[in-house]
Amino acid sequence: MCPNDPLDKNFNFKLAEPRIYGAWESGGLFRADPGKPGDPFVIVIPPPNVTGNLHMGHALDVTLQDLLIRYHRMLGKNALWLPGMDHAGIATQNVVERALQAEGTSREALGREKFVAKVWEWKKIYGGNIVRQLRRLGASCDWSRERFTMDEGLSRAVREVFVSLYEEGLIYQGEYIINWCPHCHTAVSDIEVEHEDRKDKLYYLRYEAYCLPPLVVATTRPETCFGDTAVAVNPADPRYEIYRGREVQVPLTGRTVPVILDDYVDLEFGTGALKVTPAHDPNDFLIGRRHGLPMIVAIDGDGRLTGAAPAYAGQDRDEVRARMVADLEAKGLLEKIEPLDHAVGVCYRCRSAIEPLVSKQWFVKTAPLAEAAAAAVRDGRTKLVPAGWEKTYFDWMDNIRDWCVSRQLWWGHQIPAWHCQSCGHTAVLREDPERCPDCQGTDIARDPDVLDTWFSSGLWPFSTLGWPERTRDLERYYPTTVLVTGFDIIFFWVARMMMMGLKIMGDVPFGTVVLHPLVRDASGQKMSKSKGNVIDPLEILDNLGADAFRFALASQAGQARDLKLDVKRVEGYGRFVNKIWNAARFTLAAGEPGGDAGGAPRALPDRWIRSRLAAVVGQCRAAIEEFHFDRYCEALYQFIWYEFCDWYLELIKPILYGEDEGAKAETVRWLRLTLGDLLGLLHPVMPFVTEELWSRLSPGAGHLMVAAFPEPQAGEADPGAERLVGCLMDVTKAVRQARSDFGLNPSVKLSPVVLAQDAGIRELLTAQGQLLLKLMGAERLGLATDYGERPPDSASNVLDWGQVWTPLAGLIDPKSEEARLSKEAGKLSKDIQAAQRKLQNQDYLDKAPGDVVSETRERLAAMGARLSAVERALDVVRKLG
RNA sequence: AGGCGUGUAGCUCAGGGGGAGAGCACUACCCUGACACGGUAGUGGUCAAGAGUUCAAAUCUCUUCACGCCUACCA
């Protein structure tokens, strides 16, 4: 379709979106140039996982980022939106393994090298997918800078950071109890463990003691008793004094273990005696350390019992538990079993119960990093929006524990550590070594583990800009301006970026973090791949288009935590797109603009709309700058639909269809100008339809995407015009209301008489008589200066500044009209009494601000006038009846 | 167990010390020369409950109830 064709009745987004996006992209409009002037405005995208497809969370994320980037680009900032993807170690490995399983093979059968190659294939397929989908939303990312957390440059950054933190002692390898997922076969960090409430059982086991009654210990996991190396009681517990210094026998084993004293033990829980299994429980591990207890590994990485439990060796932990009950009962070692509700840690990927295991892992020492990260938010170098999240952020930062960063996976950044088989030395190096740097032996092996996927994401704000090279981009664009993301990854990602950015770059990674709601399904459930309740954004894009979808998302992105997406709402905004489209159709067909391009508007409707527009421009700017995307959308929706379309376009029709060519051309000029401004205001949230209409409205003026965002024109504020148009609206509404209330079809011609005692108003009504008749659907408009002039048989409606009478004899049903008027009179009397009481209250008069009091007086007067008019109307109606 | 958040019209939510708001839905009338994906006019709410502060509370404070979410080493 060429720009001069007349417009179709509807916006064909299916054809237009790809065409327009293609034009932006081929025009290089997304590309940022560090050499160009302008304050930088930089966003790095929260990199979506290479697995799966675009989901609602991305759609919201991308919409808000694009909105911000487009807005600031139009303000003339040097705007960069840097896109990319995350390799998502454990998630991706699981997905690919499942695919291999379907093909009848496995990761182990392929071997590491072939498996990793297979994952790269997957990345190509699904990575391409998600990028296409971001484009469909209209994302104005600088694709020339697209990065991937495993690409060459980022891998170098990861290695450099790992080595330098190691050299500084901030990364260490240690034997520690970690969260082990027996299904994924890897360690996971503390925050990758989710807690599920489960109905479980509490087993009371008898630990027999020589010459003493058995010591009863409560546990949820009897199968771990093969790893027990002590029983602990609280030193303040008098019940167990007799056991002090004694030993007790672990059930089903011949072993005895000491009874120790530790404050950790809760006197209230169970029996107040705790079995200590340092190798299989994080707390027991700490108790074991405090007391120098040995560790016995009773469960292996597959979740099976070890040789420490000879009778059960090789059997699954859950099966053993069931079997033990019978065995314990047979031996009289089971006192009782009680039900227990408690939380069980499960793997966030596969939801298997986490098995705490002791093993050698790599850790990041987080305390010093977290301190700096918390300080940066405390002193305002980075702001969280909404600020309520700061407390959550501080709570975590202040109680942070060391971060286990090694994963027993194949897909990810392999840890740059080499272990020498000859001398036992471990070397962490920037370059792959040929031989052991310590003993020069050649028998060296690289640590097989890879890094937690969040390690590389933690570097994202600077690794994507070229670090460790000192690139032009890095200098110009770091720190970034805004991070937009969901609050669910404050700990996973935001916190890590803060720590890494401050440590490595010496500066915060971003000035503001905008935490948007989570998109939930119809029932308010969090959408997730594992729950299978995902609504596909692509379907919405296909059916309703990107503009309606984006507007629906942005209009609901307030400060709440949930965003329940209702397709009906998107449909509603599809109608809004249509409304805009047709307003533009009307504008383009209105004729040729003319008049003095530099002058101020003269016609009342033009003065009015320019004045209102100036206010809305200010509202839009303020809303976006405060990240109140919902207010921005709301302001535009209300203004465009109810002021621009419903009133302005109607107000100017008499001019456009009139005889005065000069006045017409001038109004066309303001009409087109105002529509152009509206397109500019809307463009950040509705880029496609606005760009399309702009190209029709201003052919040859370049893309709206890079045009200037409308500025509030101080000179256009026109309170006089707003007041006068307000009068026209009031008169019009009064007559329409009467018509509607009395059930009169438009075919019934009315001849209203308006009481206007104010000379200015009389002048206005006279001048705009034709317009009013059209708006009201009336035949003749009369003016009166006094109550006495009203037609004798009229019902009436009263306005703040006067009255409207419409002769209605024979046209109305006096009975229903009487009921309606009585109801209104009742309401008014009540409100009047309340206002009078208020004004008789001396405290109120003394203490309330003057403008509040005078407002109440005005309201009271208005209500009084209205009431007397209603009463007069009632008189008339009663006579008719 | 702690922390955070939310309870406002049938639904989704905005507002936030001085006349209860929006969108959708619903009702009535209207194909009026941009748009029936439209227009006009309406119906509908003790702003979760109770107490307190205040001249004035949906709004601030406290308590209670309900529902979410997050954190956590009660075995």
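As the structure is a prediction and not an experimental result, all values here were calculated from the model. Sequence lines set the chain letters: A, B, ... in the order given, protein chains first and strands last, and positions in each chain run from 1.
Between the C1' atom of B:A34 and the CD1 atom of A:Ile640 lies a distance of 15 Å, rounded to the nearest Å. Per the geometry, CG belonging to A:Asp395 stands 18 Å off P belonging to B:A1, to the nearest Å. Atom-to-atom, CD of A:Glu855 to C1' of B:A56 comes out at 13 Å; the value is rounded to the nearest Å. Going from atom CG of A:Leu565 over to atom P of B:C13 covers 11 Å, rounded to whole Å. With rounding to whole Å, A:Arg569 atom CZ is found 15 Å from B:C11 atom P.
Applying the ring-ring contact (aromatic ring centres under 6.0 Å, His included) test between A:Phe11 and each of A:Phe576, A:Trp581, A:Phe688 identifies A:Trp581 as the sole match.
Stem regions annotated for RNA chain B: B:1-7 with B:65-71, B:10-13 with B:21-24, B:26-30 with B:38-42, B:48-52 with B:60-64, counting only runs of 3 or more consecutive pairs of Watson-Crick or G-U type with both contacts under 3.5 Å.
On a pure distance criterion of 3.5 Å, no polar donor-acceptor pair joins the side chain of A:Lys391 and the base of B:C4.
At a threshold of 4.0 angstrom between heavy atoms, the contacts of A:Ala560 are confined to the sugar-phosphate backbone, with no base atom among them.
Separating the P atom of B:U61 from that of B:C4 is a span of 13 Å, rounded to the nearest Å.
Candidate nucleotides B:C37, B:A72, B:C35 were compared by shortest atom distance to the side chain of A:Lys9, and B:C35 ranks first.
By the 30° and 60° cut-offs, the orientation of the rings of A:Tyr637 relative to A:Trp641 is tilted.
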